[in-house]
2 protein chains.
Amino acid sequence: MSKRPADPANGSVPAARQVPMRDFSRSLPMSLLRAREAVMRQFRPSLREHGLTEQQWRILRALAAIEAVEVTELARTAFLLGPSLSRILRDLEARNLIERKTAKADQRRSMVSISKEGVKLMAAVAPTSEAIYAEITRRFGARKLAELQEMLGELEHSLAGLRSADDTLAEG
Amino acid sequence: MSKRPADPANGSVPAARQVPMRDFSRSLPMSLLRAREAVMRQFRPSLREHGLTEQQWRILRALAAIEAVEVTELARTAFLLGPSLSRILRDLEARNLIERKTAKADQRRSMVSISKEGVKLMAAVAPTSEAIYAEITRRFGARKLAELQEMLGELEHSLAGLRSADDTLAEG
DNA sequence: CGCATTCATTTAACATGTTAAGTATCTCCG
DNA sequence: CGGAGATACTTAACATGTTAAATGAATGCG
C-alpha cells in the first residue's frame with residue numbers, strides 16, 4: 001500500500017491530457033512486467049552465483065531435455081530471438097557448456113547440444129532453482145498458480161492471430 | 001496451434017538428467033514472458049511508427065498524468081532501473097519531448113515533466129494505443145482480464161517480502 | 001565547522017532485445 | 001546445370017536490462 005508512490009490518478013492532474021487513458025500502472029503490460037520481475041528477482045541471485053544469466057539458463061534447460069536441436073528450434077523453445085541466441089551460443093560454446101556441429105544433410109543448419117560440463121552445471125543449479133520455485137508455489141498457492149498459468153496461456157492464445165496493420169503489409 | 005514447436009516433453013529424452021525438472025516451457029517465468037510478449041507485439045508497430053520504444057512510451061504516459069516528478073520516483077512509476085531511465089531521459093530531452101530542471105531545495109534532484117511537444121505526440125499515439133487495448137480486452141474478455149490482473153497483483157504481493165539468501169547479506 | 005556518511009543521479013561495462021542487413025547454403029525451375 | 005529465390009544463421013547497430021562504480025550534493029554528528 002504505502003509502497004506505491006502518490007497515486008497519479010488522484011490529486012491535481014494538469015491539463016496535459018484530453019483523452020482519459022487508463023492509469024498506466026494498471027495496464028496489462030505493466031502488470032505482466034511487474035509480476036514477472038517479482039518472480040525473476042527470486043532466481044537471479046542464485047543463477048548469478050553460477051555465472052549464468054536468465055537467458056543462458058533457459059537455453060541450458062531447453063537443451064537438457066533433448067539430444068540436439070537446430071538453432072531455429074532452440075530459439076522457439078527458449079523464446080529468444082535469433083540474434084540474441086546467436087550471441088549467447090557463441091559465449092556458451094566458448095565456456096564449453098554446449099557443443100555445436102553442422103548438420104550433415106544441410107550445411108546451413110547447426111545442431112546444438114549440451115556438453116558434459118553443461119550437464120554438471122545444471123545439476124549444481126537445479127536444486128536451488130527448484131527450491132525457489134517451490135517456495136513461490138507455496139506462497140502463491142499451487143492451485144492459484146495453475147489457474148494463473150491457464151489464464152496466461154489463454155491470453156497468449158487469444159492474441160495469436162491478432163496482427164496490427166503493419167504486420168499485414170509485411171506478409172507478402 | 002501449429003505454431004508451437006514439437007513439444008520437447010514428448011519423444012526421446014536422453015539420459016542427460018537425473019532430477020526431473022518441470023518442463024521449462026511451462027514454468028511461470030516463461031508463461032509470463034510469453035504472455036507479455038503476445039501483448040506487446042500488438043503495440044510495438046504503432047509505437048514504432050511514432051518513433052517511440054515501449055519504455056519511452058511508458059515514461060511519457062507516466063509524465064502525462066503529473067506535473068513533475070523526480071527521476072527516482074519516475075523510475076518507480078515507469079518500472080525502469082535508474083541507468084535505463086537516465087539514458088532514456090537524455091534522449092527524450094534531446095528530442096524535446098520532456099523538460100528537466102534541478103530542484104531548488106535539493107540540487108541533487110532533477111524534476112522531470114512532459115513538454116508541449118510530448119503532449120502532442122501522446123495525443124497522436126493514444127487513440128491507436130487505446131484501440132489496440134480495447135481489441136485485446138474484447139478478445140480475452142473484460143472480466144477475465146480483470147481477474148488476470150488481480151492474480152498478477154496477488155502474485156507480486158505474495159513475493160514482495162521474499163528475498164534470497166544473497167539479498168539478506170547485502171542488507172547491512 | 002569539518003568530515004564521514006548517505007542520497008540522487010549518472011556513467012561504465014557487459015548482456016540481451018529488436019530490427020535490418022549480410023553470408024552461406026540449399027531448392028527448384030527453366 | 002545454373003541462377004533466382006528461399007532458408008538458416010550470423011553480424012551490425014541501436015536501445016534497454018543489470019550490476020557496479022563514480023560524481024556531486026545534502027546530512028548528521030562530533
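Proteins get letters first, then strands, A, B, ... in listed order; numbering begins at 1 in each.
- Residues forming a side chain to side chain contact (heavy atoms under 4.5 Å, CB included) with Thr137(B) (at least two apart in sequence, or on another chain): Tyr133(B), Ala142(B), Leu145(B).
- Applying the side chain to side chain contact (heavy atoms under 4.5 Å, CB included) test to Lys144(A) and every residue at least two apart in sequence or in another chain returns Phe140(A), Met151(B), Glu154(B).
- In this structure, the salt bridge (Lys or Arg N to Asp or Glu O under 4.0 Å) partners of Glu93(B), at least two apart in sequence or on a different chain, are Arg100(B).
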- Note on the structure: The dot-bracket string of DNA chain D, counting Watson-Crick and G-U wobble pairs with both distances under 3.5 Å, using [ ] for crossing pairs and | for pairs to another strand, is ||||||||||||||||||||||||||||||
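- By the side chain to side chain contact (heavy atoms under 4.5 Å, CB included) test, Ala131(B) pairs with no residue at all, sequence neighbours left out.
- Both Gly82(B) and Arg44(B) lie near DNA chain C, and the one whose nearest nucleotide falls closer to the 5' end is Gly82(B).
- Within residues 92-113 of chain B, the residues approaching DNA chain C are Arg100(B), Arg108(B), Arg109(B), Ser110(B), by heavy-atom distance under 4.0 Å.
- Applying the salt bridge (Lys or Arg N to Asp or Glu O under 4.0 Å) criterion to Glu99(A), with sequence neighbours excluded, gives no partner residue.
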Pairs of donor and acceptor atoms involving the side chains of residues 81-88 of chain B, under 3.5 Å and at least two apart or interchain, shall be tabulated with distances.
from, atom 1, to, atom 2, distance (Å)
Ser84(B), OG, Arg87(B), NH2, 3.3

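- In this view, Arg95(B) satisfies the salt bridge (Lys or Arg N to Asp or Glu O under 4.0 Å) rule with no residue, not counting sequence neighbours.
- For Arg108(A), the salt bridge (Lys or Arg N to Asp or Glu O under 4.0 Å) partners at least two apart in sequence or on another chain are Asp106(A).
- Residue Thr72(A) is in sugar-phosphate contact alone, with no base atom involved, counting any heavy-atom pair closer than 4.0 Å across all strands shown.
- Taking atom CE on Met40(A) and atom C1' on dT19(D), their separation rounds to 15 Å, with Å as the unit.
- With sequence neighbours left out, the side chain to side chain contact (heavy atoms under 4.5 Å, CB included) criterion links Ala103(B) to Arg109(B), Met111(B).
- Bounding nucleotides for the chain B contact on DNA chain C, 5' to 3', at a heavy-atom distance below 4.0 Å, are dC7(C) to dA20(C).
- At the heavy-atom level, Leu85(B) lies nowhere under 4.0 Å from the strands shown.
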